[in-house]
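Any value given below was found using the heavy atoms of this structure, including those in side chains, with hydrogens, waters and symmetry copies removed.
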Amino acid sequence: MRGVRRIALFGATGSIGASALDVIARHPDRYRATVLAAGTQVEALIELCRVHRPEHAVIADEAAFPTLRDGLRDAGLATQAHAGMAAMAQLAASDACDTVIAAIVGAAGLPSTLAAACAGKRLLLANKESLVLAGELLMREVAASGSTLVPIDSEHNAIFQCLPEGRCGEGVAKIILTASGGPFRGRRRDELATVTPAQAVAHPKWSMGPKISVDSATLMNKGLEVIEAHHLFGLPGERIEVLVHPQSLVHSFVEFVDGSTLAQLGLPDMRTTLAVGLAWPERVASGVAGLDLVAQGGALTFEPPDLDAFPCLRLAFHALSAGGTAPALLNALNEEAVSAFLQGRIGFLAIPALVEDGLAALPSTRAESLDVLHAADEAARRYARTAISRLN
Ligand code: NAD
Ligand code: MG
C-alpha cells in the first residue's frame, strides 16, 4: 500500500494555495497538508489550520508569531507555530514533508524553494520568480538531489505533460507558450496610460493573486514564463515562442522536428495543474470538469503578441539573451514597479518604462553565486524605489 504523501504548502493563503488545498482535501487517503505557510495573513492562516490540521504553521512576518501561537492554542490545535523565512526553509528541507508546493509570490519564495530542491523533495513549483532570479542554480540543485520538479504554471505544466521525459530532447524543435493577452488585449499603447489597478487585476480568464494579474496585463507574466521555460526545458530563447490565445483553453504547444505538434488543453483552472503535480505519473481527480469545446464557443483562435503596446515581453526576451544577472534585475525592477502600481503610486505605463530604464542603467554581470544574484536583486530594488519616489 502506498503511504500518504506529506505536503508543505508555502503560500497557503493565496490563490494557488486555495487551489492546492482543494485538491489535497479531495484525497485524504493520498495527501495530507503537514506544513502551511503564509506571509502576513495570520488570521487566514489560523483558519486554514482549523480546517486542515497541519503539524506546522509558519508566518513569514515575525511580529505576527504571538498571534499565530495563541490563535492555534485557542483553537485547540496541536499545530506548532513558527515564524520567519529561515523557519520556512528549514521546514521545507525537513522530515515534516516529502512534497513542497512553492506558491509564495515573488523573490521571497526563493529560500524555501531552494531548500526543497536541495533536500530532494518533490517540488511543485508555482513561484516562477525564483526560477527567473536563480534558474541555473535552482535547476543544478534539482539535478544534484534527484528532486522531481513539476511546473505549476499552466503553460509549463502543459509542456511537461507533452514531454514524457520532462525535458527537451533532440526531437524538440521549439515550444510555443500561449498567452490570454490579459484584460487589455487589443488596446494601443496610448490607450493604456490611464488604466487603473482594479481594471488591471480583472483578468478575463484566470482568477489569480494581484501581482501575477498585473503581470498578465503588461505581458510581463509571459516574459517571466519565457525565462522560466528556458530553465525548465533547457531551450534557448530563440526556440521559445509566444502566441496569444484569448480562450485560454490550449495551455501550450511543443513542436517536434518531424512536423508534429502536441498541445495540452483544459479549462483554465489551476487545480488540474496541481493534481498533475501531486499525482504524476498517475492521475487523480481535481474537481475540474472535462473540456466541452462546443460549449466553450467552438473556436480556438491565435494571434501574435503586440510588443509595441506590451513591451515587457520584449524586455524579458532581451534579459534572457543578455544572461547573467539581467533576469534577476528584470524581476526585481518589475516586482517593485507592480507593487507601486497596485498602491496607486505610478501609472500602468510606468511599469515597462521603469524596467527598461533600470535594465539600461544597471550593469549586468555574470551570475556565479546566490550572493551575486541577491546583490543584483537589491540594487534593482533600490534603483526602482528611487525612480518611483521621483515620479511621485
Ligand atoms: P497570491 O498573492 O494569491 O498569494 C501569495 C501567497 O504568498 C500568499 O499566501 C502570501 O501570504 C504568500 N507570501 C507573500 N509574501 C510572502 C513572504 N514574504 N513570505 C512568505 N509568504 C509570502 O499569489 P498567487 O496568485 O497564488 O501566486 C503565487 C505564485 O504562483 C506566484 O509566483 C505566481 O506567479 C504563481 N502562479 C500563480 C498562478 C495563479 O493562477 N494564481 C498561476 C501560475 C503561477
Ligand atoms: Mg502561466
Side-chain angles (χ1 to χ4, degrees), residues 3-21 23-24 31-42 45 48-49 52-62 64-65 68 72 79-153 209 228 231-232 273-274 277-278 280 370-371 373-374 377:
V4 173
R5 290 255 298 283
R6 296 161 56 75
I7 298 161
L9 175 55
F10 296 92
T13 54
S15 161
I16 291 285
S19 294
L21 287 169
V23 179
I24 291 168
Y31 310 122
R32 182 170 146 65
T34 52
V35 180
L36 295 181
T40 53
Q41 304 100 315
V42 67
L45 181 60
L48 290 178
C49 290
H52 299 280
R53 303 188 163 258
E55 292 163 17
H56 304 273
V58 202
I59 193 84
D61 175 9
E62 306 211 9
F65 176 74
L68 178 61
L72 293 171
T79 307
Q80 274 183 47
H82 309 260
M85 300 303 282
M88 286 199 196
Q90 214 176 342
L91 280 162
S94 77
D95 291 344
C97 60
D98 47 55
T99 299
V100 169
I101 303 181
I104 292 175
V105 59
L110 182 60
S112 49
T113 303
L114 199 55
C118 293
K121 306 291 180 184
R122 172 177 287 228
L123 179 56
L124 275 61
L125 182 57
N127 175 227
K128 64 187 88 184
E129 294 90 349
S130 63
L131 268 176
V132 174
L133 170 57
E136 269 152 38
L137 215 122
L138 193 55
M139 293 307 289
R140 220 184 297 139
E141 296 299 348
V142 164
S145 70
S147 152
T148 301
L149 194 171
V150 184
I152 303 298
D153 207 342
E228 182 186 9
H231 290 298
L232 287 170
T273 319
L274 285 150
L278 286 168
W280 191 260
L370 203 51
D371 286 346
L373 292 165
H374 278 311
D377 177 273

Output the distance between atom [atom1] ([X]) and atom [atom2] ([Y]), rounded to the nearest 0.5 Å.
{"X": "His231", "Y": "Leu137", "atom1": "NE2", "atom2": "CG", "result": "10.5 Å"}
{"X": "Leu373", "Y": "Leu110", "atom1": "CG", "atom2": "CG", "result": "8.5 Å"}
{"X": "Leu91", "Y": "Gln80", "atom1": "CG", "atom2": "CD", "result": "8.5 Å"}
{"X": "Leu45", "Y": "Leu68", "atom1": "CG", "atom2": "CG", "result": "5.5 Å"}
{"X": "Glu129", "Y": "Thr113", "atom1": "CD", "atom2": "OG1", "result": "9.5 Å"}
{"X": "Glu55", "Y": "Asp95", "atom1": "CD", "atom2": "CG", "result": "10.5 Å"}

Is there a donor-acceptor pair under 3.5 Å between the side chain of [X] and the backbone N or O of [Y]?
{"X": "Asp98", "Y": "Arg6", "result": "yes"}
{"X": "Thr34", "Y": "Ala96", "result": "yes"}
{"X": "Asn127", "Y": "Ala107", "result": "no"}
{"X": "Thr148", "Y": "Arg122", "result": "no"}
{"X": "Lys121", "Y": "Ser94", "result": "yes"}

Closest contact, heavy atoms only, [X] versus [Y]:
{"X": "Ala87", "Y": "Ala83", "result": "CB-O, 3.5 Å"}
{"X": "Met88", "Y": "Ile59", "result": "CE-C, 4.2 Å"}
{"X": "Ser15", "Y": "Gly209", "result": "CB-N, 3.8 Å"}
{"X": "Leu21", "Y": "Ala12", "result": "CD1-O, 4.2 Å"}
{"X": "Val142", "Y": "Ala117", "result": "CG2-CB, 3.8 Å"}
{"X": "Cys49", "Y": "Leu72", "result": "CB-CD2, 3.7 Å"}

Is any side-chain heavy atom of [X] less than 4.5 Å from a side-chain heavy atom of [Y]?
{"X": "Leu9", "Y": "Leu48", "result": "no"}
{"X": "Thr273", "Y": "Asp153", "result": "no"}
{"X": "Leu114", "Y": "Leu370", "result": "yes"}
{"X": "Met139", "Y": "Leu131", "result": "yes"}
{"X": "Ile101", "Y": "Leu274", "result": "yes"}
{"X": "Val35", "Y": "His82", "result": "no"}
{"X": "Leu125", "Y": "Ser130", "result": "yes"}
{"X": "Leu124", "Y": "Thr99", "result": "yes"}

Query raised in the report: Is Gln90 atom CD crowded by more than 12 heavy atoms from other residues, nucleotides or ligands, each under 6.0 Å away?
Result: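 Count not over threshold, so no.
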Query raised in the report: Take atom CD in Glu136; do more than 12 heavy atoms of anything else shown fall under 6.0 Å from it?
Result: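 Open: at most 12 neighbouring heavy atoms sit under 6.0 Å from CD of Glu136.
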